[in-house]
Amino acid sequence: MSARNHEQWNAQPKLQSGEWVDSKIYSDEEIFEEELEKIWKQMWIPVCHESELKNAYDFRTMTIAREPVIVVRGKDMKVRAFLNVCPHRGNMIERRPSGSFAKSTPSGTPKTMTCMFHAWQFDMKGKCVNITRKEEGYQDRLCESDVGLRELKSEVYFGGFIWVSLNDNINQTVEEFAAGALDSLAPSVNEEPLEVFHYHKAIIDCNYKLWHDTNCEFYHDYLHYHNRITGFNDEYFARKNTGFKGGHVNVGSFEVQYENYEGFHSREELSFPHLPANQWYMIDMFPGVNFNLRGSALRSDIMTPLGPNKVMIEFRGLGLASDSPKDRKIRIDHHNSIWGPFGRNLCEDLIAVTGQGAAMQSGSESRQILHGRHENETIHDENGMRHYYEEWGRWVGRSPSHPDQPFVEPAETA
Amino acid sequence: MSWKDVCAADEVAENSLKPFNVDGISFLVANVGDGFRAYPPVCPHMEEYLEDSGLCAKGVLTCDRHLWQWDMKTGEPKGPAEKPLLMYPVKEEEGRVMVNLEKELEYDFDDEDD
């Protein structure tokens, strides 16, 4: 048989359960809404890095599952997260992506968050400190202590990343949530303070999980022109994808031969602490975060799902806060030449997944997406994705391959 | 005594405020028509810099944030204001405005660390 008709195209693949998913999980509106409720509003999500809020009264805003969130550094230098919503009439309080509350704003006074609508004000601990014309309007029926902001659970963990959860009852720390997946890089990122030196974002038409998928396998080496022309060695293919509890995956390290890459040089001189020369680790965290350390530069991809077929990916590059200006310049060059907006690989990855997005728009017919490669759990294996979708099914309660059927725990394999 | 020569009397227009910093102390000089006054630089309500938010009209200073008001001559609160303005001693000598800055005057703001 060569080309297939519609019926043949839709027939179940000759693969085992768990080795393919239904494309509906990338395109269906209802499933997307369930994911926001059952996954994104329940988990720890890293939202930014503490070096983006260096000084007291600095802030950064973002959304988690459409909910506006603000992270601020208090006078006591502690980072806190709040729902960025005014308790009065539900307006978003702070609209800027980042800035400082140290000085006054057009609507408010120094050291406070001010809702521009009716000038209600809050301090860096979320306490309401001003209700305009309080006695006139509320007499003694409502006062500041009744209308504080909603504080969200937050933690600074893994080299200074700020993690937030919308779930007040989350019963685990970030460390417990990571379940060991971050351990291989912990010594390198926790030795001394890190600093964000690069930020850009891509808002692209594809499901967030398609970006995560492409971070979970290296089989798409064939996409990258430079990967092909420089060739692969045995050590490269021997790297393992290791699954951790909670759907996380760690892609094992190997020594990159930078001299094979025209115009590239060894990263040895500026290696992160405790990292063997020119090593490269990659960690994919459930549900949509990626940490990628290549010798001298750490990259993070933080995803914000915007719709079934739309995702914002924020790319950060980090170095050591202690870098000299000269070292920082080299580090930025190392980072941007691969991962910058015009770097060697990143733009190609983005192009690839938008092709998937174009073929999996809302309403497009269900089709099978194959995750069935078995290659000894190495980087061209698709076990990382299989591990992810097992966890996905558990949280959403749907089978990834038959999303209209409930998730069933796979049988224990001895 | 710490009398400091701050400015010429004609540097601050009638019914207006002007900020100064002498020996590390920031303050505002107000021309109230028949003399001068000197206040700390911020509103006693929520630390807003009155240099930006203060409006002077008919001898009344208004902070445009939450509309606290004071009599510019006495510093006494008017309208919704709950605290008076603190004032430095001021005298005018030979066309110069002199302010006594012996002790920096500061308002007591609610500490957020409670």
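Because the structure is predicted, anything quoted here is derived from the model rather than measured. Below, chains carry the letters A, B, ... as their sequence lines are ordered, and counting in each starts from 1.
- Here the side chain of B/Arg65 pairs a donor or acceptor atom with the backbone of A/Gly108 at under 3.5 angstrom.
- Within 6.0 Å of CD in B/Glu94 there are 12 or fewer heavy atoms belonging to other residues, nucleotides or ligands.
- Proximity of A/Pro110 to B/Met46: side-chain heavy atoms (C-beta onward) are nowhere separated by under 4.5 Å.
- Counting non-hydrogen atoms of neighbouring residues, nucleotides and ligands closer than 6.0 angstrom, the CE atom of B/Met87 exceeds 12 such neighbours.
- More than 12 heavy atoms of other shown residues, nucleotides or ligands fall within 6.0 angstrom of atom CD in A/Glu195.
- Contacts of B/His66 classified as ring pair (Phe, Tyr, Trp, His ring centres under 6.0 Å), with partners at least two apart in sequence or in another chain: B/His45.
- Sparse packing is recorded around CG of B/Asp108, with 12 or fewer heavy atoms of other residues, nucleotides or ligands lying under 6.0 Å away.
- Within the 4.5 angstrom heavy-atom criterion, only side-chain atoms of A/Gln121, from C-beta onward, approach chain B.
- Residue B/Lys78 places its NZ atom among 12 or fewer non-hydrogen atoms of other residues, nucleotides or ligands, all under 6.0 Å distant.
- The contact between A/Ser107 and chain B is made entirely by backbone atoms, counting heavy-atom distances below 4.5 Å.
- Note that the OH atom of B/Tyr49 and the OG1 atom of A/Thr109 stand 12.5 Å from one another [nearest 0.5 Å].
- A/Arg133 CZ: 12 or fewer foreign heavy atoms inside a 6.0 Å radius.
- At a heavy-atom separation below 4.5 angstrom, chain B is approached by A/Ser104, A/Thr105, A/Pro106 within residues 96-106 of chain A.
- Within 6.0 Å of the NZ atom in A/Lys201, the count of heavy atoms belonging to other residues, nucleotides or ligands does not exceed 12.
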